[in-house]
Amino acid sequence: MFKRSFFKQLYVPVFIALFVGVILNLPIFIRRFEKIGFDRGLSITIEVIASFFLVLFICMLLSLTGKYLSRIGMTALLLLSSAASYYMIFYNIDIGYGIVASVMAVDSFDLSKESVGWHFLVWLVAINIVPLFVIWKFHDREKYLSEKPKYSWYYKLIVVAVAGLACWLPLTLMGKAQAEQDKVNNRMMASYGGVVAGSYSPSNWLSGVGLLAYSTFSQAEDDRNLYDPADHFQYVAPKNANSLYIVFIIGESARRDHMGLYGYARDNTPNLDKEKNLIHLQGYSCDTSTKLSLRCMFVREGGASEAPERTLKEMNVFTVIKKQGFSSELFSMQSEAWFYNKVLADSYSVRESIQAEKRHAGEPVDDLALIEELKDSVNRHPEGHHVIILHTKGSHYMYTERYPRAFAPYKPECQGIDDACSTEEMINSYDNSLLYTDYFLKQTFESLKDKNAIVFYASDHGESISDNLHFHGTPRDHAPIEQRTIPIMVWASDTFLNDKENQASFERLRELQNKKTPVFHEKLFDSILGCSGFTSPDGGINKYRDWCNH
């Protein structure tokens with residue numbers, strides 16, 4: 001009697017798991033199946049199983065909270081998942097952090113009737129009548145609800161553990177299988193589990209809510225603990241701010257001494273060589289790893305400690321610009337969420353959420369996907385007054401995963417992560433990756449050439465290369481020079497340079513270029529502001545650290 005009574009208590013969670021995890025996602029499974037390039041049948045089967053068991057896991061956790069709280073929780077899960085599925089199915093919208101942040105914004109009640117109208121309400125009512133009945137009435141029709149078998153919570157915990165394992169284990173195994181395929185094909189796909197989580201409801205909106213909560217907490221911590229230059233200095237936006245686009249591209253592991261633009265023997269920057277509005281400077285990074293450089297490269301002098309961990313003391317240049325009324329968005333092929341939160345961007349997307357988009361389904365991690373995000377961001381902010389940050393995968397090892405076959409003129413390449421590659425093979429692959437960076441930057445400039453725009457590019461650090469070795473992150477006080485020798489570039493559109501003051505700033509940059517004057521990450525804060533046209537009458541911009549100061 002006990003076992004029969006307990007199994008009856010699983011009817012509702014199993015039904016909701018089937019409805020929310022499988023039925024609501026059916027159109028998404030079909031779309032994914034059309035674009036998955038890795039064992040389609042097996043992949044979709046595993047994704048269906050994972051989606052089912054994820055919802056079962058959540059429902060069983062909710063069942064531990066008691067009769068009424070569990071019903072309220074399952075109702076919320078049902079309605080929110082149905083709402084998310086409506087926009088995923090009928091509007092082809094990818095639900096993620098950006099959508100969740102927009103919905104949770106103060107002005108979300110001003111959403112147009114085209115977005116929330118009678119058709120949406122009809123969908124919610126029609127699709128949820130039966131599941132709501134099951135949640136709220138099915139139990140009441142059964143006597144077993146009043147029965148409280150001894151140790152029922154213990155059996156529920158067992159089901160929770162089994163459901164969690166049944167969701168996590170197949171995705172983990174598929175991720176490992178995909179990683180093996182990546183080695184064979186010399187490519188890098190986004191995390192399999194991460195893409196799956198970003199593709200289906202409810203994992204996509206749940207992860208968005210979690211990320212928003214983390215971001216909000218992180219930003220609140222910054223407000224309390226970090227010195228904010230915008231609160232202590234007066235900053236004046238440029239006169240053309242209302243139409244201005246400021247773009248910053250964070251490069252990865254790029255060395256300027258391996259770029260033709262800087263005099264390297266190989267012509268692996270054919271597009272940059274021809275850019276008349278491009279300035280290339282002799283850059284040096286403030287540190288030798290991504291995480292440490294991101295701490296020190298966007299703050300004022302002294303804004304990050306000199307200790308090895310580079311503890312942040314101040315808020316960065318992007319928060320200053322944001323507080324001058326600019327909107328901002330960030331898109332990344334990496335996953336430095338701690339830094340992205342400190343930018344205070346209106347929204348950001350990392351590679352898993354970007355690769356979960358339908359247009360990128362089944363594609364490897366490719367910096368060129370950021371160009372589509374850039375174009376979309378510009379289209380969302382057609383008037384300008386907008387900042388866009390792109391964090392590339394660049395020349396991060398393994399180099400041959402960073403570029404398509406059409407960008408591999410230098411051979412032989414280092415083909416496998418477990419191969420013993422010669423220095424020549426390593427360098428060939430590395431130089432090919434920089435050739436692709438050249439193409440990526442060209443596409444960036446092409447996307448903005450008709451706008452009032454300025455673009456900054458700086459690699460986070462360099463890279464040491466030798467026989468079967470690739471490394472950076474050596475403590476900066478004794479790191480090889482190649483780990484800090486980086487390209488720093490500034491590009492501007494013709495519209496931006498039509499302004500006499502902006503043209504004068506660019507001439508100053510050209511002077512630095514022609515003299516091969518060393519420039520440093522530590523001066524980016526003042527230079528981004530100064531070169532974009534910001535001023536500060538009370539010292540908020542250090543004129544001696546502003547490359548565009550006259």
Side-chain angles (χ1 to χ4, degrees), residues 87 91-105 107-108 115 190 198 208 211-212 215 237-238 240-251 298 316-319 321-337 339-360 363 365-394 440-458 491-493 495-496 528 532:
Y87 289 101
Y91 288 88
N92 288 327
I93 289 176
D94 298 295
I95 306 295
Y97 170 83
I99 295 295
V100 172
S102 297
V103 171
M104 299 296 289
D107 60 353
S108 62
S115 298
L211 196 56
L212 179 64
S215 176
N240 61 354
N242 288 336
S243 64
L244 179 61
Y245 294 91
I246 301 173
V247 178
F248 197 100
I249 302 170
I250 304 171
F298 296 117
N316 58 61
V317 64
F318 302 114
T319 66
I321 298 175
K322 179 74 182 294
K323 292 183 178 183
Q324 309 314 306
F326 279 70
S327 54
S328 61
E329 294 182 325
L330 184 149
F331 307 98
S332 174
M333 284 292 112
Q334 301 203 44
S335 303
E336 298 289 346
F339 168 71
Y340 309 150
N341 287 324
K342 287 172 172 54
V343 169
L344 304 186
D346 297 322
S347 67
Y348 70 82
S349 297
V350 297
R351 66 186 180 204
E352 280 72 27
S353 57
I354 292 173
Q355 298 301 125
E357 295 175 11
K358 290 171 289 299
R359 60 185 173 185
H360 300 308
E363 296 178 359
V365 171
D366 189 332
D367 284 339
L368 217 59
L370 296 176
I371 301 299
E372 298 301 319
E373 303 298 332
L374 168 67
K375 292 177 180 177
D376 288 350
S377 186
V378 170
N379 290 336
R380 284 191 295 269
H381 301 84
E383 302 301 322
H385 212 223
H386 186 50
V387 175
I388 303 169
I389 304 165
L390 306 177
H391 190 181
T392 67
K393 199 68 175 175
F440 169 81
L441 290 175
K442 176 182 183 293
Q443 297 304 309
T444 302
F445 304 152
E446 284 291 316
S447 301
L448 297 163
K449 66 180 181 180
D450 297 326
K451 304 294 182 182
N452 177 30
I454 183 168
V455 179
F456 299 87
Y457 170 89
W491 176 91
S493 65
T495 302
F496 183 88
I528 291 172
S532 300

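Count residues from 1 along the sequence.
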Original post:
Would you call the rings of Phe248 and Phe298 parallel, tilted or perpendicular, where under 30° means parallel and over 60° means perpendicular?
Top reply: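 Aromatic pair Phe248/Phe298 classed perpendicular.
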Considering all heavy atoms of both residues, which atom of [X] and which atom of [Y] are nearest to each other, and what is their separation?
X: Tyr348; Y: Ala337; value: OH-CB, 4.0 Å
X: Val343; Y: Thr319; value: O-CG2, 3.8 Å
X: Glu373; Y: Ile354; value: OE2-CG2, 3.7 Å
X: Asp367; Y: Lys393; value: OD1-N, 2.7 Å
X: Ser243; Y: Asn452; value: OG-ND2, 3.1 Å
X: Ser332; Y: Ser335; value: OG-N, 4.3 Å

Pairwise distance [atom1]([X]) to [atom2]([Y]) - rounded to 0.5 angstrom:
X: Lys449; Y: Lys442; atom1: NZ; atom2: NZ; answer: 8.0 Å
X: Leu330; Y: Leu390; atom1: CG; atom2: CG; answer: 7.5 Å
X: Leu370; Y: Thr444; atom1: CG; atom2: OG1; answer: 8.0 Å
X: Leu374; Y: Glu329; atom1: CG; atom2: CD; answer: 10.0 Å
X: Leu244; Y: Glu383; atom1: CG; atom2: CD; answer: 13.0 Å
X: Tyr340; Y: Phe318; atom1: OH; atom2: CZ; answer: 11.5 Å

Original post:
Phe445 pairs by ring pair (Phe, Tyr, Trp, His ring centres under 6.0 Å) with which of Tyr457, Phe440, Trp491?
Top reply: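 Checked Tyr457, Phe440, Trp491 against Phe445; only one passes ring pair (Phe, Tyr, Trp, His ring centres under 6.0 Å): Trp491.
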Below 4.5 Å, heavy atoms only, C-beta onward: do [X] and [Y] meet side chain to side chain?
X: His391; Y: Glu336; result: yes
X: Gln443; Y: Lys375; result: no
X: Leu344; Y: Asn316; result: no
X: Ile321; Y: Ile528; result: yes

**OP:** Apply side-chain hydrogen bond (donor to acceptor under 3.5 Å, both in side chains) to Ser328 and His386, showing your working.
**Re:** CA-CA 6 Å; Ser328 61; His386 186 50; over 6 Å; no
Original post:
Just checking, any donor-acceptor pair under 3.5 angstrom between side chains of His385 and Tyr245?
Top reply: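 Per modelled atom types, His385 and Tyr245 side chains form no pair under 3.5 Å.
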Original post:
Just by distance, do the side chain of Ser353 and the backbone of Ser349 share a donor-acceptor pair under 3.5 Å?
Top reply: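 Such a contact is absent between Ser353 side chain and Ser349 backbone.
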**OP:** Would you check if the side chain of Gln334 reaches a backbone N or O of Thr392 as a donor-acceptor pair within less than 3.5 Å?
**Re:**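 Looks like yes, one N/O pair under 3.5 Å.
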**OP:** Check Ile246, Val247, Ile249 against Phe456 for a side chain to side chain contact (heavy atoms under 4.5 Å, CB included) and give me the one that passes.
**Re:**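 Of Ile246, Val247, Ile249, side chain to side chain contact (heavy atoms under 4.5 Å, CB included) with Phe456 is met by Ile246 alone.
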**OP:** Identify whether the distance between the nearest side-chain nitrogen and carboxylate oxygen of Asp346 and Lys322 falls below 4.0 Å.
**Re:**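 Lys322 and Asp346: salt-bridged.
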Original post:
Does the pair Thr495 and Lys451 meet the rule for a side-chain contact (heavy atoms from CB on, under 4.5 Å), with working shown?
Top reply: CA-CA 7 Å; Thr495 302; Lys451 304 294 182 182; over 6 Å; no
